[in-house]
J.: 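Below is the structure I would like to discuss, written out as structure tokens.
Below, all heavy atoms of this structure are taken into account, side chains as well, without hydrogens, waters or symmetry copies.
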Protein chains: 2
Amino acid sequence: MNVTPGRGPLYRQIREWIVARIVHGDWRPGDILPSEINLAAGFGVSQGTVRKAVDALVAENLVIRHQGKGTYVAVHTPHRELFHFFHVLGRDGAKPQPTTSQLISCRQRRAEKEDLGCLHLRPNARVVDIFRVRNLRDRPVILERVIVPSKLFQGLAESGDVPNELYQLFEKTYGVTIHKVVEEISAELATVETARYLDIKPGAPILAIERRAETLGGMPVEFRRSLCDSRDYIYSNEIV
Amino acid sequence: MNVTPGRGPLYRQIREWIVARIVHGDWRPGDILPSEINLAAGFGVSQGTVRKAVDALVAENLVIRHQGKGTYVAVHTPHRELFHFFHVLGRDGAKPQPTTSQLISCRQRRAEKEDLGCLHLRPNARVVDIFRVRNLRDRPVILERVIVPSKLFQGLAESGDVPNELYQLFEKTYGVTIHKVVEEISAELATVETARYLDIKPGAPILAIERRAETLGGMPVEFRRSLCDSRDYIYSNEIV
DNA sequence: GAGTGGTCTAGACCACAGA
DNA sequence: CTGTGGTCTAGACCACTCT
């Protein structure tokens with residue numbers, strides 16, 4: 001264990017060293033980290049210094065501590081995907097619900113200009129294009145298109161395995177962990193096609209949610225455009 | 001300085017004791033806290049324990065540390081209001097802009113049923129009702145109604161002093177610090193009235209942003225409904 | 001009992017601000 | 001120069017998990 005010499009406080013260097021190992025895939029979600037004492041010995045520092053580094057990682061949801069057991073790289077639970085990344089709620093304040101979905105299409109195609117920019121792809125790169133309707137409480141609410149690079153998700157288009165919670169699939173099957181998403185919400189009018197899928201009238205107001213998701217290393221891996229029937233559902237955001 | 005005995009770790013008790021002083025108004029935004037050494041002496045603990053308590057407060061944006069000077073209760077800068085609480089951005093990715101606004105009306109009235117629920121008021125309580133258009137880049141973009149309890153903001157309706165950044169006014173003049181906001185975003189169609197104010201067509205898609213804001217102590221103090229022309233602007237949200 | 005994380009201490013030294 | 005926060009150490013003891 002060696003740390004870049006002289007750049008900032010030790011605890012920060014150690015934090016970054018650990019992050020690098022996770023980004024690089026040496027430690028994968030669910031793996032246990034070396035104990036604080038072992039890390040400290042490895043770096044030749046005191047346990048308190050390692051502790052401060054790990055404190056930061058815990059605050060960032062990168063690792064989880066279990067007293068008496070150890071420290072683990074965080075995994076994408078359904079709970080996290082639903083409560084942390086999914087912000088569509090019932091107007092009545094109902095908690096987010098697990099969704100079901102009907103797959104409309106899932107195919108591989110050449111990336112278009114818009115995809116290239118979002119996903120930082122080279123021209124002629126291929127993407128997987130998932131198109132589906134998501135149901136909340138047994139009614140169609142969200143018409144959604146998900147674009148991911150084929151290169152990272154080999155066989156996804158052919159497998160036909162498209163669960164509702166995609167991020168767990170990404171993590172478990174393809175080793176891609178979503179760490180940060182940026183969403184842009186705007187208002188639009190339902191097109192005839194959208195209206196048909198969502199069982200609403202053309203011209204009805206629609207929440208359009210565009211999401212760009214990236215991994216811990218900052219690599220963009222998903223572009224998603226969700227059209228949400230806004231009659232009974234809203235987008236919720238809490239700022240502290 | 002006395003701390004509730006026996007309830008949880010010391011650093012947590014100390015953190016809560018400090019929070020209580022801020023909530024109670026003993027320490028107001030901009031005030032300096034006692035030094036860590038003095039706090040430690042007052043509580044009869046080591047400096048490290050106080051430090052851990054203050055670490056938590058820093059992470060929550062409640063206080064700010066300045067090396068060599070001291071630790072201060074956080075203040076609402078224009079920067080914070082604009083970059084932390086205001087999530088409307090240009091479609092082109094432009095940073096948030098300071099807004100100008102035209103006041104349409106600012107009056108006191110009896111709280112309606114909806115206001116009572118949001119603001120936890122008693123029947124017959126009075127509220128200040130601010131109605132205005134906010135401009136971004138010299139064009140009307142947001143039609144906004146802000147409701148606050150008259151009791152907390154004595155003289156606001158009469159003063160006619162309604163700056164664009166309200167939260168600094170709330171803090172400086174009325175001693176009310178906004179700490180947390182919850183926003184619900186939905187899509188609507190512009191009414192004739194809305195369309196006139198925003199210089200758009202009736203029936204155009206509109207982002208409706210409903211905000212409930214509360215103080216550090218959890219007291220709701222503002223209800224705000226903003227109707228945003230969604231042609232050139234979007235609501236942006238980053239989730240990590 | 002051995003090993004883990006969780007809390008707390010007492011003290012050292014550094015970096016920075018201000019008189 | 002003094003006082004502040006910022007980093008780091010070495011060690012103590014506790015709470016918890018697992019064997």
J.: So that I can tick it off, tell me whether A:R91 and B:E210 are bridged by a salt bridge, with the cut-off set at under 4.0 angstrom between side-chain N and carboxylate O.
T.: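 Here B:E210 does not pair with A:R91 in a salt bridge, since their nearest N and O are not under 4.0 Å apart.
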J.: On DNA chain D, check which nucleotide each of A:T49 and B:S35 is closest to and give me the residue with the more 5' one.
T.: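 Between the two, 5'-proximity favours B:S35.
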J.: Taking only side-chain nitrogens and oxygens of B:Y11, does any of them come within less than 4.0 Å of OP1 or OP2 of C:dC8?
T.: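 False: B:Y11 side-chain N/O out of range (4.0 Å or more) of C:dC8 OP1/OP2.
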J.: Over how many whole Å does the gap from B:Q47 atom CD to C:dA10 atom C1' extend?
T.: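 The answer, rounded to whole Å, is 11 Å.
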J.: Tell me, please, which residues at least two apart from B:H87 pass ring pair (Phe, Tyr, Trp, His ring centres under 6.0 Å).
T.: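 Once residues adjacent in sequence are excluded, the partners of B:H87 under the ring pair (Phe, Tyr, Trp, His ring centres under 6.0 Å) criterion are B:Y235.
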J.: Taking CZ from A:F43 and P from D:dC8, how many angstroms apart are they, rounded to a whole number?
T.: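 In whole Å, D:dC8 P lies 13 Å from A:F43 CZ.
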J.: In whole Å, I'd like the distance from the CZ atom of B:R7 to the P atom of C:dT7.
T.: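 After rounding, the gap between these two atoms is 17 Å.
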J.: Could you check whether any side-chain heavy atom of A:I178 comes within less than 4.5 Å of a side-chain heavy atom of A:F170, counting everything from C-beta outward?
T.: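 When only atoms from C-beta onward are counted, A:F170 and A:I178 do touch, with a gap below 4.5 Å.
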J.: Between A:K69 and C:dG3, does any side-chain N or O lie under 4.0 Å from OP1 or OP2?
T.: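 No, A:K69 has no side-chain N/O under 4.0 Å of OP1/OP2 on C:dG3.
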J.: Can you list everything that forms a side chain to side chain contact (heavy atoms under 4.5 Å, CB included) with B:L216? Sequence neighbours excluded, please.
T.: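 Result, side chain to side chain contact (heavy atoms under 4.5 Å, CB included) vs B:L216: B:V19, B:I22, B:V23, B:L62, B:H179.
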J.: Is the shortest distance from a Lys or Arg side-chain nitrogen in A:E36 or A:R65 to a carboxylate oxygen in the other one below 4.0 Å?
T.: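 Looking at A:R65 together with A:E36, the answer is yes, because their closest N to O distance falls below 4.0 Å.
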J.: Can you name the residues that form a ring pair (Phe, Tyr, Trp, His ring centres under 6.0 Å) with B:H79, not counting sequence neighbours?
T.: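 Applying ring pair (Phe, Tyr, Trp, His ring centres under 6.0 Å) to B:H79 gives B:F83.
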J.: How far does CD of B:E214 sit from OG1 of B:T177, to the nearest 0.5 angstrom?
T.: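 That separation rounds to 13.0 Å.
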J.: Are there any protein N/O atoms within less than 3.5 Å of an N/O atom in nucleotides 13-15 of chain D, and if so, which ones and at what distance?
T.:
{"residue": "D:dA15", "atom": "N3", "partner": "A:Q67", "partner atom": "NE2", "Å": "3.3"}

J.: For A:T100, which residues count as a side chain to side chain contact (heavy atoms under 4.5 Å, CB included) partner, sequence neighbours excluded?
T.: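 Result, side chain to side chain contact (heavy atoms under 4.5 Å, CB included) vs A:T100: A:N135.
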J.: Looking at residues 52-66 of chain A, who's got a heavy atom less than 4.0 Å off DNA chain D?
T.: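 Of all residues in residues 52-66 of chain A, the ones placing a heavy atom under 4.0 Å from DNA chain D are A:K52.
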J.: Between A:T71 and C:dG5, is there a contact of a side-chain N or O with OP1 or OP2 at under 4.0 Å?
T.: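 Yes, because at least one side-chain N or O of A:T71 sits under 4.0 Å from OP1 or OP2 of C:dG5.
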